[in-house]
Amino acid sequence: MKQIIFIPILSAAAALSLLAFVSSCAKVSIDKPDQAEQYIGFSSTVVTKALVESADDMNEFVVWGYYTDADGNYVDVFGEIDQEGTGVEVRRENGNWVYDDLRWWQFGVPYDFFAVYPADVSGVSLQSAVDPFLTITGYDILSNTQGDLMLATSPDIIYQDGDATQPVSLRFSHLFSRIDLVCRPYSEQAVEGYEPRVHSAKLYGLGREASFSSDQFTADNAQRNGWTVSEGSLTTEDSPFVNAAITAGGQEIVSRTELMSDVLVFPQQTFRPGMAFKIEWSATGDGNTRSSVIELSSLPLDAWIGGKHYVYTFTISPEGRIIFDTPSVQRWDEATGGIIIVE
């Protein structure tokens, strides 16, 4: 069994909060260097907006590929089209990227490649169509224990005999969005009798299960996020998408307080009726609580895009109102405007 080794060269740029832009590139080395240009290899770039901060956080990913032969037939490079799990696992061993059973380039035919991270995502298959595409079926995001889910594509690669081949360039994009809910103090000035507390916070009305199709995906495009949410999986107030862990007696708001953090959601439009935060809160220490339902459609943000980090921030006023700031979108400056007041 032959094995191909990828030697990673890392570069990184720091960013605020938990955001970073990190790139990792790989050079190819094999057991017969004089034949290196004949084998299919990979280089990767990871654009990370949330939980994966560098290539060191990636232990393995899976690559699928196909080419179109002279008769117009699709030939799966690593397995059989329409069969789940036939991609090749590219894994890290002793600091190097490796995969088994080397594949040779076929000259004069066009190749397309897809890669998914992490490697153990179930329900992934390469579908045969006019142009083959990758699908992920029945993904339950609330059962996700893998963290980030990322996709890379590299289409229309063709070499002629005598060409110097290069590693396949794979640029990974996040397929989830990331949500935070934050409560901040109304003012730095003390107000007599003002003791704001949050007693509970829920997010519901979102689907927990969806299917993905790469032929419907374009990075940074809200209309082509690739996901179709299962209508039968919508969460409810009684069985919410998130029920924030808040101590008995409520969380006193004396500084910026994260009530929900690193919530991973499917990219989608946010004006679906019933998608909402429900917050139980009090403004004074007399034990009287109030409950407010904030429909996401009432806030000036109409879609979540994969790879973006959305922060919903509100405050409790001394007059007994919840006031939402305009949601902030990390590395995206279109979301500007006023405030939303919930009586």
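All heavy atoms count here, side chains included; hydrogens, waters and symmetry mates do not.
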Can I get a per-line list of side-chain donor-acceptor pairs under 3.5 Å for residues 251-258, giving both atom names and the distance, sequence neighbours left out?
residue: Thr257; atom: OG1; partner: Ser255; partner atom: O; Å: 2.8
residue: Glu258; atom: OE1; partner: Ser261; partner atom: OG; Å: 3.2

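- Proximity of a side-chain donor or acceptor of Arg103 to a complementary backbone N or O of Val77 within less than 3.5 Å is detected.
- A donor-acceptor contact closer than 3.5 angstrom links the side chains of Asp215 and Ser213.
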Residues Arg178, Leu264; criterion side chain to side chain contact (heavy atoms under 4.5 Å, CB included); working and verdict
CA-CA 5 Å; Arg178 176 186 172 205; Leu264 297 178; 4.3 Å; yes
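- Thr289 contributes no side-chain N or O that, together with a main-chain N or O of Ser282, makes up a donor-acceptor pair within less than 3.5 Å.
- Listed by chain and residue number, nothing satisfies the salt bridge (Lys or Arg N to Asp or Glu O under 4.0 Å) test with Glu319 (two or more places apart in sequence, or in another chain).
- For Asp161, the side chain to side chain contact (heavy atoms under 4.5 Å, CB included) criterion is met by Phe107, not counting sequence neighbours.
- Using modelled atom types, one side-chain atom of Tyr310 and one backbone atom of Ile305 make a donor-acceptor pair closer than 3.5 Å.
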Show me the donor-acceptor pairs, under 3.5 Å and distance only, between side chains in residues 153-160 and residues at least two apart or in other chains.
residue: Ser154; atom: OG; partner: Ser169; partner atom: O; Å: 3.2
residue: Tyr159; atom: OH; partner: Gln166; partner atom: N; Å: 3.0

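- The distance from the CG atom of Leu299 to the CZ atom of Phe314 is 11.5 Å, given to the nearest 0.5 Å.
- Between Phe61 and Phe172, the gap from one ring centroid to the other is short of 6.0 Å.
- Ring-plane geometry between Phe266 and Trp227 is classed as tilted, the angle between the planes lying from 30 to 60 degrees on a 0 to 90 degree scale.
- Pairs passing the ring-ring contact (aromatic ring centres under 6.0 Å, His included) check and including a residue from residues 137-157, sequence neighbours excluded, read Tyr139-Phe176.
- A salt bridge links Asp100 and Arg91; the closest N-O separation between the charged side-chain nitrogens and carboxylate oxygens is under 4.0 Å.
- Listed for the Thr68 side chain is no donor-acceptor partner under 3.5 Å among the backbone atoms of Asn73.
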Take Ser297 and Met275 through the side chain to side chain contact (heavy atoms under 4.5 Å, CB included) test and state the conclusion after the steps.
CA-CA 8 Å; Ser297 60; Met275 294 177 67; over 6 Å; no
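- Every residue two or more places apart in sequence or in another chain that forms a side chain to side chain contact (heavy atoms under 4.5 Å, CB included) with Asp120 is listed here: Pro118, Gln146.
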